[in-house]
**Q** 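After the structure tokens below, expect a handful of questions from me.
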Protein chains: 2
Amino acid sequence: MQSRTPASRTGRPRSAAADTAILAATREALVELGWSKLTLGDVATRAGVAKTTLYRRWAGKNELVVDAVAELFDELELPDRGSLAADIEGVVLQFAAILARPEARSGLMAVVAEATRDDALRERIRASIVDRQMRLVLEGRARAQRRGELPPEPDPGEAARTVDLIFDVVAGAVVHRTLVSGKPADEAWVRSFTRVLLLGLASQSAEGA
Amino acid sequence: MQSRTPASRTGRPRSAAADTAILAATREALVELGWSKLTLGDVATRAGVAKTTLYRRWAGKNELVVDAVAELFDELELPDRGSLAADIEGVVLQFAAILARPEARSGLMAVVAEATRDDALRERIRASIVDRQMRLVLEGRARAQRRGELPPEPDPGEAARTVDLIFDVVAGAVVHRTLVSGKPADEAWVRSFTRVLLLGLASQSAEGA
DNA sequence: GGCATTACGCTACGGGTCGTAGCGAAAGCT
DNA sequence: AGCTTTCGCTACGACCCGTAGCGTAATGCC
């Protein structure tokens, strides 16, 4: 959310229903029109609000779509499936399911592209979308260490680099498979991918120590 | 290129200089303005051609930028560095160097985002950008098999799936590292990544047979 | 209740870009 | 020469942008 409730106590409060209606209308427009043909006037009409109301809450198309897409990732969880491999497969399948939805496909890559020239937008994406994914990696790693499937890493710097690497490999591979190669990240693919990743990490910690 | 020389023999030929000027102007505008603020009228002015000339050769912004960005990937090669690990590290560093350029960063993700709703554009990207990268994977794999670093794969279907997986992992990880995480894919990162990938593939072929 | 304050819906506007049509001139080929 | 295609240029309607202005609605504070 744009989250602006710092010290405003008096006056008419902002309609929370308008927020949800606007974000839902944004996703609807993303599905029907895609990023490039999406206009803020159309979104406002779909949401049943005035165009000026939309501009009072979001600075522009970029910020609006980031918030609309971010809500899709709220459902990401890390269920305990008993083993590291199963945990990874589960969360990767969830991630792939989200990326398979057209409102995510058309919106996510577009805002990432815009963020290459807009640091504030990049930070917004990091805070509302990427961080949630990163936490799953950290949580999965900690759980695997408790299980004894991964050795504890004493060096915090090395641990951070490894987590970053895993994150880029996992998220990047799924995104590339889905959006560039245009093939589904189905169960068979996820199994192969998880196998290579885990074997690589295991061999690394075995011989790298 | 847009490649339209099927049967036109008579009449004034199209200026080849205009093509290169337009594509160069497109990359220049991508650096200065980014994808969203790039306008075809501005590109035409930069290139010193009329706007109508530009529209006669490209259907729109998407196709133009794909061609302009595609030329950046022409320099991709697979130099023989003696080992599979060194070959991979070399080509990944080349790929990362291209993605570090601002004209590639702002343009590539944007056209990929557009391609999620445009099959013809997706095919254009595949033919002019992705295929070249895929060939490097195939060539590297064949070279490693000649060296004996990778076992020959008798099943062609399984071999194709493995190559697809490697391709998505490599390209996806580099792209995600560079454009989403916003951190450089420098030599240290590439070395760590290559190590995990190769160990994973080696263990897979060792135990998977 | 009355008042200040903020949000809302609506209309209207200048500015910019789009993509195309139409024209005369230029540059090739036969 | 004559034919054909491209080029540069101008002009145009259409669309979207982002904002200003106004009257109205909904809250908190006195």
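Each chain gets a letter, A, B and so on, in the order its sequence line appears, and its residues count up from 1. Heavy atoms only: backbone and side chains are in, while hydrogens, waters and symmetry mates are out.
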**Q** Nearest whole angstrom, please: distance from the C1' of D/dC9 to the CG of B/Leu54.
**A**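 Taking CG of B/Leu54 and C1' of D/dC9, I get 15 Å after rounding.
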**Q** Taking the side chain as C-beta and beyond, is there a heavy-atom pair between A/Phe95 and A/Val175 under 4.5 Å?
**A**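 Yes - at least one pair of side-chain heavy atoms lies under 4.5 Å apart.
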**Q** Base of C/dC18, side chain of B/Thr39 - is there a donor-acceptor contact under 3.5 Å?
**A**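 It does not, because no donor-acceptor pair links the side chain of B/Thr39 to the base of C/dC18 below 3.5 Å.
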**Q** Could you walk me through whether B/His176 and B/Ser181 pass the side-chain contact (heavy atoms from CB on, under 4.5 Å) test, one step at a time?
**A** CA-CA 6 Å; B/His176 198 275; B/Ser181 297; 3.9 Å; yes
**Q** Can you tell me which stems involve DNA chain C, if a stem is defined as three or more consecutive Watson-Crick or G-U wobble pairs, both distances under 3.5 Å?
**A**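 The stems that DNA chain C takes part in, listed by first number, are C:1-30 with D:1-30.
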**Q** Starting from P on D/dT6, measure out to CG on B/Asp19 and report it in whole angstrom.
**A**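 Whole-Å distance recorded here is 12 Å.
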**Q** Which residue pairs pass the ring-ring contact (aromatic ring centres under 6.0 Å, His included) test when at least one of the two sits in residues 179-200 of chain B, sequence neighbours left out?
**A**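 Every ring-ring contact (aromatic ring centres under 6.0 Å, His included) pair that includes a residue of residues 179-200 of chain B, provided the two are not neighbours, is B/Trp189-B/Phe193.
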**Q** How far does OG1 of B/Thr39 sit from CG of B/Leu33, to the nearest 0.5 angstrom?
**A**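 Interatomic distance, B/Thr39 OG1 to B/Leu33 CG, rounded to 0.5 Å: 7.5 Å.
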**Q** More 5' along DNA chain C: B/Gly11 or B/Asp42, using each one's nearest nucleotide?
**A**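 Its nucleotide being nearer the 5' end, the pick is B/Asp42.
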**Q** So if I take every side-chain heavy atom of A/Val49 and compare against D/dC17, D/dG8, C/dG9, which nucleotide ends up nearest?
**A**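 Nearest to the side-chain atoms of A/Val49, counting from C-beta on, is C/dG9.
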**Q** Categorize A/Ser15 for me: base, sugar-phosphate, or nothing, with a 4.0 angstrom heavy-atom threshold over every strand shown.
**A**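 The residue A/Ser15 makes sugar-phosphate contact but no base contact.
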**Q** Nearest-Å distance, CH2 (B/Trp58) to P (C/dT20)?
**A**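 From B/Trp58 CH2 to C/dT20 P: 16 Å.
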**Q** For a quick check under 3.5 Å, do B/Glu153 and B/Thr162 share a side-chain donor-acceptor pair by atom type?
**A**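 The criterion, which ignores hydrogens and geometry beyond distance, is not satisfied for B/Thr162 and B/Glu153.
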**Q** Whole-Å distance between C/dG9 C1' and A/Arg14 CZ?
**A**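 Atom-to-atom, A/Arg14 to C/dG9, this comes out as 15 Å.
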**Q** Please check the phosphate of D/dC29 (OP1 and OP2 only) for any side-chain N or O of A/Thr10 closer than 4.0 Å.
**A**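 The answer is no; no side-chain N or O of A/Thr10 sits under 4.0 Å from OP1 or OP2.
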**Q** Nearest whole Å is fine: how far is D/dT5 P from B/Tyr55 OH?
**A**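 So the two atoms are 24 Å apart, to the nearest Å.
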**Q** From CG of A/Leu38 over to C1' of D/dC17, roughly how many Å is that when rounded to an integer?
**A**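 Going from A/Leu38 (CG) to D/dC17 (C1'), I get 13 Å.
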**Q** Can any side-chain N or O of A/Asp168 pair as donor or acceptor with the backbone N or O of B/Ala173 at less than 3.5 Å?
**A**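 Not at all, since once roles are kept as given, no pair shorter than 3.5 Å links the two residues.
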**Q** Can you say whether a donor on the side chain of B/Arg12 sits under 3.5 Å from an acceptor on the base of C/dA26, or the other way round?
**A**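 Between C/dA26 and B/Arg12, which were checked side chain against base, a qualifying N/O pair under 3.5 Å is present.
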**Q** Looking at A/Val130, A/Leu138, A/Leu136, which hits side chain to side chain contact (heavy atoms under 4.5 Å, CB included) with A/Phe167?
**A**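 Testing A/Phe167 for a side chain to side chain contact (heavy atoms under 4.5 Å, CB included) against A/Val130, A/Leu138, A/Leu136 leaves exactly one candidate, A/Val130.
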**Q** Taking atom C1' of C/dG16 as reference, at what distance in whole Å does atom CG of B/Leu40 sit?
**A**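 Computing the B/Leu40:CG to C/dG16:C1' distance gives 14 Å.
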**Q** Base of C/dG9, side chain of A/Arg56 - is there a donor-acceptor contact under 3.5 Å?
**A**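 Donor-acceptor pair under 3.5 Å: yes.
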**Q** Has the side chain of B/Lys51 got a donor or acceptor atom sitting under 3.5 Å from an opposite partner on the base of C/dG19?
**A**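 Under the 3.5 Å cut-off, the side chain and the base do form a donor-acceptor pair.
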**Q** Among the nucleotides C/dG22, C/dG19, C/dC10, which one has an atom lying closest to any side-chain atom of B/Thr52?
**A**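 Of the candidates, C/dG22 comes closest.
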**Q** Round to a whole Å and report the spacing from CZ of B/Arg57 to C1' of C/dG19.
**A**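 My rounded result for the distance is 18 Å.
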